[in-house]
Amino acid sequence: MPELPEVETIKNDLEPHVTGRKIKSVTLLWERTLQQPSKEEFERIIKNQKITGMDRRGKYLIFNLESGYKLIMHMRMSGSLMLGHDNPPPHTRTVIHLDNDTEIYFNDPRKFGKIQLVKDCQCVLGKLGVEPLSDEFTILALTEILSKRKSPVKSVLLDQCLIAGIGNMYADEALFASKIHPTRHTDSLTGEEIEALHRAIQDVLRLGIKNKGASVTNYFRPDGETGTAHKQFKVAHCKDKPCPVCRTPLERIRVHQRGTYFCPNCQKEK
DNA sequence: CCCGGAACCTGAAGGC
DNA sequence: TGCCTTCAGGTTCCGG
C-alpha cells in the first residue's frame with residue numbers, strides 16, 4: 001500500500017524519464033479509474049501535453065503539464081506505475097503513451113486507484129494536512145494537531161486532513177519507535193511523548209524513502225524492482241515475531257478498522 | 001465532533 | 001485439488 005515513502009520513490013524514479021516528454025495519448029482500460037473530467041474531455045486536454053515535472057503531496061502523485069493542468073494520481077491500496085515499451089503488465093488500468101515510444105502503465109489490481117486531470121490542484125489537495133517532512137511540521141505543530149482530537153493517537157496519524165502521507169504501516173512504526181500504545185488518547189500524551197512521536201514520524205518516513213519504499217503487498221517501483229523498507233520494519237506486519245527491543249511477542253489488534261501491530265511491553269496502554 | 005460500518009475491488013491465504 | 005470464506009487497508013460516505 002503506497003504511503004508517503006512509496007509515492008516519493010515512484011516520483012523520484014519516474015521524474016527523470018518523463019520530464020520534457022510529451023504525452024501522445026492516454027488509453028483508459030478501466031474507465032472508473034478516471035475521477036474527473038469526463039473521458040472525452042480528459043483525452044482531448046491531455047493530448048500533446050508536455051510534462052514539465054513531477055511533485056508529491058501526501059500520498060498523491062502529480063504530473064505538472066505545460067499548460068498548467070495537473071495530472072494527479074492516487075495509488076490507494078494496490079496501484080503502481082511501470083515504465084515499458086508495448087508490454088503492459090496484467091491489471092494495467094491506464095496507459096500513458098509518451099512521444100519516445102515509452103509507456104507509463106498505471107497498474108492496479110484492486111481498481112481503487114484514482115486519476116484526475118485538473119487545472120487547480122486545490123480542489124483535490126486543498127484539504128490535506130501538513131507535510132510531515134516539511135519545515136512546517138514542528139513539535140508545536142504536532143502538539144496543536146493532537147489537541148484537535150481526543151481519539152486514539154493512531155486515528156490522528158491516519159487522518160490525511162491533519163498530517164498528509166502516513167498510512168497504516170508507518171503509523172505503526174512511528175508509534176513503536178516512540179513507545180506509545182496505538183489506542184492511547186491524544187489528550188493523555190505528555191510533552192515528552194509528543195516530542196518522541198514527532199521525531200519518530202520523521203525518522204520512519206525518511207528511512208522508508210531511503211530504502212525506496214516498502215514492498216509488503218502490491219508495491220513495485222517503476223522499473224519493476226521492489227523497495228526494501230519492509231525488511232527494516234520493527235512491528236508492521238510482524239505479528240507473533242519477538243519485539244526487536246525486548247523479545248516480547250508482538251501483538252496485532254484492530255484500531256480505526258485497521259490491523260495494528262505493536263509490542264504490549266514497550267507500548268503500554270497507560 | 002466522533003465513531004462504526006459499508007462500499008469500492010481483487011488476489012492471497014486459510015479451512016475443510 | 002478445489003471450493004468457500006475471510007482478510008488486506010486508502011478513501012469516501014452515511015448513519016448514530
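Everything numeric in this text was worked out from a predicted model, so none of it was measured. Chain identifiers are assigned alphabetically (A, B, ...) following the order of the sequence lines, protein sequences preceding nucleic acid strands; residue numbering begins at 1 within each chain.
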Legend entry - Residue-level proximity of residues 116-126 of chain A to DNA chain B when a heavy atom falls under 4.0 Å: none
Inset, instruction - With a 4.0 Å heavy-atom cut-off, tell me which residues in residues 146-176 of chain A come close to DNA chain B, sorted by residue number. - result: A/Lys148, A/Arg149, A/Lys150, A/Ser151, A/Pro152
At under 4.0 Å, does any side-chain N or O of [X] touch on OP1 or OP2 of [N]?
X: A/His256; N: B/dC2; result: no
X: A/Lys59; N: C/dT11; result: yes
X: A/His91; N: B/dT10; result: no

Pairs under 3.5 angstrom only: tabulate donor-acceptor contacts from the side chains of residues 165-175 of chain A to other protein residues two or more places apart or in another chain.
from, atom 1, to, atom 2, distance (Å)
A/Asn168, OD1, A/Lys154, NZ, 2.6
A/Asn168, ND2, A/Gly259, O, 2.9
A/Tyr170, OH, A/Glu6, OE2, 2.7
A/Asp172, OD1, A/Lys154, NZ, 2.7
A/Asp172, OD2, A/Tyr261, N, 2.9
A/Glu173, OE1, A/Lys234, N, 2.8
A/Glu173, OE2, A/Lys234, N, 3.1
A/Glu173, OE2, A/Val235, N, 2.8
A/Glu173, OE2, A/Ala236, N, 2.7

Legend entry - For DNA chain C, stems built from three or more consecutive Watson-Crick or G-U wobble pairs below 3.5 Å: B:2-8 with C:10-16, B:10-16 with C:2-8
Results of side-chain contact (heavy atoms from CB on, under 4.5 Å) for [X] - residues two or more places apart only:
X: A/Cys161; answer: A/Asp159
X: A/Ser134; answer: A/Val130, A/Glu131, A/Glu136, A/Phe137
X: A/Glu41; answer: A/Pro37, A/Ser38, A/Arg44, A/Ile45

Inset, instruction - State whether a side-chain donor-acceptor pair under 3.5 Å links A/Lys70 with A/Asn64. - result: yes
Inset, instruction - Could you name each residue pair satisfying ring pair (Phe, Tyr, Trp, His ring centres under 6.0 Å) that touches residues 83-107 of chain A, not counting sequence neighbours? - result: none
Legend entry - 5'-most by nearest nucleotide on DNA chain C - A/Lys127 or A/Pro2: A/Pro2
Legend entry - Side chains of A/Lys24 and A/Asp101 in contact at under 4.5 Å (non-hydrogen atoms): yes
Grab the N/O contacts between the protein and nucleotides 5-8 of chain B below 3.5 Å, and write none if there aren't any.
from, atom 1, to, atom 2, distance (Å)
B/dG5, N7, A/Gln257, NE2, 2.7

Inset, instruction - Look at all strands and tell whether A/Gly259 reaches a base, only sugar-phosphate, or nothing, counting heavy atoms closer than 4.0 Å. - result: sugar-phosphate
Inset, instruction - Return each pair, listed once, that meets side-chain hydrogen bond (donor to acceptor under 3.5 Å, both in side chains) where at least one residue sits in residues 137-146 of chain A; pairs must be two or more places apart or across chains. - result: none
Inset, instruction - Kindly write out the residues that satisfy ring pair (Phe, Tyr, Trp, His ring centres under 6.0 Å) with A/His256, not counting sequence neighbours, or none if the list is empty. - result: none
Inset, instruction - Apply ring pair (Phe, Tyr, Trp, His ring centres under 6.0 Å) to A/Phe262 and list each qualifying residue two or more places apart in sequence or on a separate chain. - result: A/His181
Inset, instruction - Examine distances only and state if a side-chain atom of A/Thr102 and a backbone atom of A/Leu98 form a donor-acceptor pair shorter than 3.5 Å. - result: no
